[in-house]
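Have a look at the structure below, then the notes.
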Amino acid sequence: PVPRMETLEFTPSRLRTALRLVRWTGLTIQTLLSIMWDRLRGRRQLTDVARRIRIAIERAGGTFVKIGQQMGNRVDLLPYTLCQELSHLYDHMPSFPFEQAIRKIEQASGRPLHEVFARFDPEPIGAASIACVFQAELLSGEKVAVKVRRPEIGTRFAEDLLALSWLCTLAEGLTIIRPGFTKSVRADLQNMLMEEMNFVAEARYQELFRRRARRDRIKYLTAPRIYPHLSNLEVLVQEFIPGFFLSEILDAHEANDEEQLAYLAQHGITPKEVARRLMHASYWSNIEGLFFHADPHPANIIIQPGNMLVFIDFGACGASSSKARRLMIETLTHINRDDMSSASRTAIRLLEPLPHIDVDQLVGRAEQVWWRHLYALRSKHTPWWARTTAGLWLSLFEITREFGLQVNLDTLRSLRASLLYDTLAARLWPKLSDATFKKYLKTMYRRQARRVLRKAEKESPAQRSHRLITQVHSLSRLGEKLVASVQNLTELSPNRFLQLANKASYAALNVLGTAAWLILPAFLMALSNAGFQFFTKGLRPPILLTAWLIWL
């Protein structure tokens with residue numbers, strides 16, 4: 001048959017959605033009663049409370065598991081014991097029947113399982129909220145990881161989103177929150193969850209990430225190879241990557257497990273170098289990359305010998321506009337220069353367009369937060385959790401809520417990814433500083449120069465002439481736009497045109513006056529220098545440069 005486009009469509013049942021709400025309420029009450037019963041029996045340990053919360057989230061399933069996974073990353077905000085317990089939600093979820101996985105795999109490949117795989121392990125090596133991952137071997141001998149989406153998980157997410165929509169509508173109707181405040185948040189959450197279930201899009205992200213890292217010659221960064229002829233919307237077959245999960249290295253480092261750290265060192269893995277490369281990967285994907293990995297939690301990063309970073313699970317990705325990338329570079333540069341006033345003003349521009357608010361008051365509030373972050377960053381005795389940007393961005397989010405500002409999904413994803421990178425790197429290297437950005441800028445400029453030179457070397461004379469013609473055409477288009485702008489100005493009312501003309505003439509006179517102030521003394525000094533050379537028989541002391549600098 002002729003191939004056709006596949007789409008993700010899930011229709012929630014209103015009855016099952018209502019039952020989901022009842023189940024949420026029952027699980028909440030049951031968890032609270034269980035915690036109270038533990039306290040009455042004298043079991044007041046945080047480990048018991050964390051285990052109860054984790055079990056409740058697992059039983060609720062769906063979106064609650066995704067929320068619990070994100071909570072597990074926030075060791076800078078939540079108790080470490082709770083985060084450790086919630087980290088089991090990444091790959092310790094209950095599996096689903098293997099027969100269902102076989103049906104999906106055979107549907108994706110169009111052949112029976114034994115005609116594609118020489119060996120297939122029925123026990124999953126990872127069971128997450130959306131999919132299970134199995135280890136297999138192709139007939140060609142290549143080891144692969146087969147990711148299979150959970151049955152009915154799309155409908156479960158759709159029902160959860162509908163239930164959340166009902167709750168938000170009720171809260172807005174009772175004026176508990178401002179009407180319409182959650183509309184964009186719910187839409188962004190739906191887009192994010194639906195995107196994570198689209199394995200075709202995930203395969204494209206993973207392929208492009210791998211190619212871009214290779215193109216930019218970042219030898220310590222890659223992603224598994226994809227087998228597209230065996231994959232579809234529900235199945236993703238990719239290269240099996242051996243190594244250590246970043247979570248294992250974090251556990252060994254934070255527990256100060258000398259035996260495990262020595263074993264890692266034998267394989268050329270050091271926490272400090274992993275932290276540095278994580279930050280470089282964060283800057284590269286946000287500033288130079290076609291997109292960035294929006295969910296870099298410890299179970300999505302594999303560390304191979306030699307501090308090689310391998311990113312997996314590209315279900316959640318985002319893209320930054322050229323304006324956002326420029327503002328990001330400016331913000332980080334201002335932080336390196338200890339200019340937090342300019343950094344706060346630049347960061348606020350990420351929220352544009354701003355509504356009708358007191359911008360000076362907004363900038364003043366934000367500037368106080370940024371200065372506090374700088375003092376914590378520069379102190380030698382600051383704990384690692386105060387060196388990350390988590391507290392900084394959370395304080396800024398409180399300010400945005402106070403002023404009624406909304407942050408778009410891509411900006412939220414970028415900030416969330418940056419927070420995860422910061423947190424992971426600071427946990428591995430508590431003395432992490434912003435000097436890593438300076439080193440990244442040097443490598444970025446070097447890559448850009450190498451890319452331009454390589455492109456120029458490959459161009460033929462015909463391509464150079466074509467590029468010249470294209471540039472001339474662009475200049476002509478720019479001239480046409482300039483003429484159109486002048487015509488629009490002349491069509492304004494006489495009073496408005498005169499006002500603009502007066503402003504333009506005033507600006508032009510200032511520019512000419514400044515140029516004359518700088519150029520005329522230089523011209524006079526050049527004449528005097530020429531006369532001096534004539535009378536001193538060719539001696540050329542740096543009179544021109546010295547005199548001009550004195551004048552300036």
Contact check, side chains of Leu246 and Ile302, non-hydrogen atoms, under 4.5 Å: no
Under 3.5 Å donor-acceptor, Asn286 side chain and Ser282 backbone: yes
Asn198 side-chain N/O to Val200 backbone N/O, donor-acceptor pair under 3.5 Å: yes
Output field: ring centroids His293/Phe209 closer than 6.0 Å: no
Gln266 atom CD: more than 12 heavy-atom contacts under 6.0 Å: yes
Side-chain heavy-atom pair Arg212, Leu290 within 4.5 angstrom cut-off: yes
Separation of Ile55 CD1 from Ser34 OG (nearest 0.5 Å): 8.5 Å
Pairs involving residues 112-126, ordered by first then second residue, that meet side chain to side chain donor-acceptor pair (under 3.5 Å) (sequence neighbours left out): none
Crowding at CZ, Arg204 (>12 non-hydrogen neighbours, <6.0 Å): no
Arg450: partners by salt bridge (charged side-chain N to carboxylate O under 4.0 Å, His left out), with sequence neighbours left out: none
Smallest separation among heavy atoms of Ala56 and Leu27, with atom names: O-CD1, 4.0 Å
Sequence-distant partners of Glu152, salt bridge (charged side-chain N to carboxylate O under 4.0 Å, His left out), two or more places apart: none
Donor-acceptor contact present, side-chain Ser165 to main-chain Leu161, <3.5 Å: no
Flag side-chain contact, heavy atom, 4.5 Å: Phe437 against Leu332: yes
Listed partners of Tyr421 passing ring pair (Phe, Tyr, Trp, His ring centres under 6.0 Å), at least two apart: none
More than 12 heavy atoms of other groups within 6.0 Å of Arg16 CZ: no
Nearest non-hydrogen partners of Pro224 and Ile312, listed with the distance: CG-CG2, 3.7 Å
Test item: Ile303 and Val274 side chains (from C-beta on) under 4.5 Å apart, heavy atoms: yes
Phe157: ring pair (Phe, Tyr, Trp, His ring centres under 6.0 Å) partners, not counting sequence neighbours: none
Any residue meeting side-chain hydrogen bond (donor to acceptor under 3.5 Å, both in side chains) with Thr17, in chain and number order, not counting sequence neighbours: none
Electrostatic pair Glu234-Arg103, nearest N-O below 4.0 angstrom: no
Polar side-chain atom of Glu248 near backbone of Phe245 as donor-acceptor pair, under 3.5 Å: yes
Spatial distance of atom CZ (Arg214) from atom CZ (Arg217) [nearest 0.5 Å]: 13.0 Å
Heavy-atom pair with the smallest gap, counting every atom of Ile269 and Asn307: CA-OD1, 3.2 Å
Met328 CE to Ser321 OG distance, which is reported to the nearest 0.5 Å: 9.0 Å
Residue pairs involving residues 124-148 (criterion ring-ring contact (aromatic ring centres under 6.0 Å, His included); sequence neighbours excluded): Phe98-Phe134, Phe120-Phe134
CA sep, side-chain torsions, deciding dist, call: Gln100, Arg150, side-chain contact (heavy atoms from CB on, under 4.5 Å): CA-CA 9 Å; Gln100 297 179 352; Arg150 289 181 177 273; over 6 Å; no
CG-OG distance between Leu230 and Ser109, expressed to the nearest 0.5 angstrom: 6.5 Å
More than 12 heavy atoms from other groups under 6.0 Å of CD on Glu142: yes
Beyond-backbone contact of Trp284 with Leu221, side-chain heavy atoms, under 4.5 angstrom: yes
Stepwise side-chain contact (heavy atoms from CB on, under 4.5 Å) check, Leu250 with Leu424: CA-CA 8 Å; Leu250 280 171; Leu424 295 175; 3.7 Å; yes
Residue Lys439 excluded, over 12 heavy atoms near NZ under 6.0 Å: no
Atom pair CZ (Phe292) and CD1 (Ile287), whose distance is rounded to the nearest 0.5 Å: 12.0 Å
Residue pair Ala316 / Glu196: nearest heavy atoms and the distance that separates them: CB-OE2, 3.9 Å
Pairs satisfying side chain to side chain donor-acceptor pair (under 3.5 Å), at least one member in residues 267-278, at least two apart: Glu273-Arg276, Glu273-Arg277
Minimal non-hydrogen separation, His253 against Leu428, with atom names: NE2-O, 3.2 Å
With sequence neighbours excluded, residues passing ring pair (Phe, Tyr, Trp, His ring centres under 6.0 Å) with Tyr227: none
Shortest non-hydrogen contact from Ala108 toward Val235: CB-CB, 3.9 Å
Check ion pair Glu106-Arg111 (N to O, under 4.0 angstrom): no
Inter-residue atom distance Phe244.CZ - Leu264.CG, 0.5 Å rounding: 5.0 Å
Side chains of Val148 and Phe96 in contact at under 4.5 Å (non-hydrogen atoms): yes
Residue pair Val146, Phe117: steps toward the side-chain contact (heavy atoms from CB on, under 4.5 Å) verdict: CA-CA 11 Å; Val146 184; Phe117 301 98; 4.0 Å; yes
Sub-4.5 Å side-chain heavy-atom contact between Gln304 and Ile241: yes
Residues which pass salt bridge (charged side-chain N to carboxylate O under 4.0 Å, His left out) with Arg326, listed by chain and number, not counting sequence neighbours: Glu330
Heavy-atom side-chain proximity of Val144 to Glu239 below 4.5 angstrom: no
Glu288 versus Tyr440, side-chain donor and acceptor atoms under 3.5 Å: yes
Residues which pass side-chain hydrogen bond (donor to acceptor under 3.5 Å, both in side chains) with Trp24, listed by chain and number, not counting sequence neighbours: none
More than 12 heavy atoms from other groups under 6.0 Å of CH2 on Trp166: yes
Main-chain N/O of Ser320 paired with Arg325 side-chain donor or acceptor, under 3.5 Å: yes
Side-chain donor/acceptor of Arg210 to backbone N/O of Thr222, under 3.5 Å: no
Check against side-chain contact (heavy atoms from CB on, under 4.5 Å), Leu233 and Phe199: CA-CA 5 Å; Leu233 280 172; Phe199 288 177; 5.7 Å; no
With sequence neighbours excluded, residues passing salt bridge (charged side-chain N to carboxylate O under 4.0 Å, His left out) with Glu202: Lys147
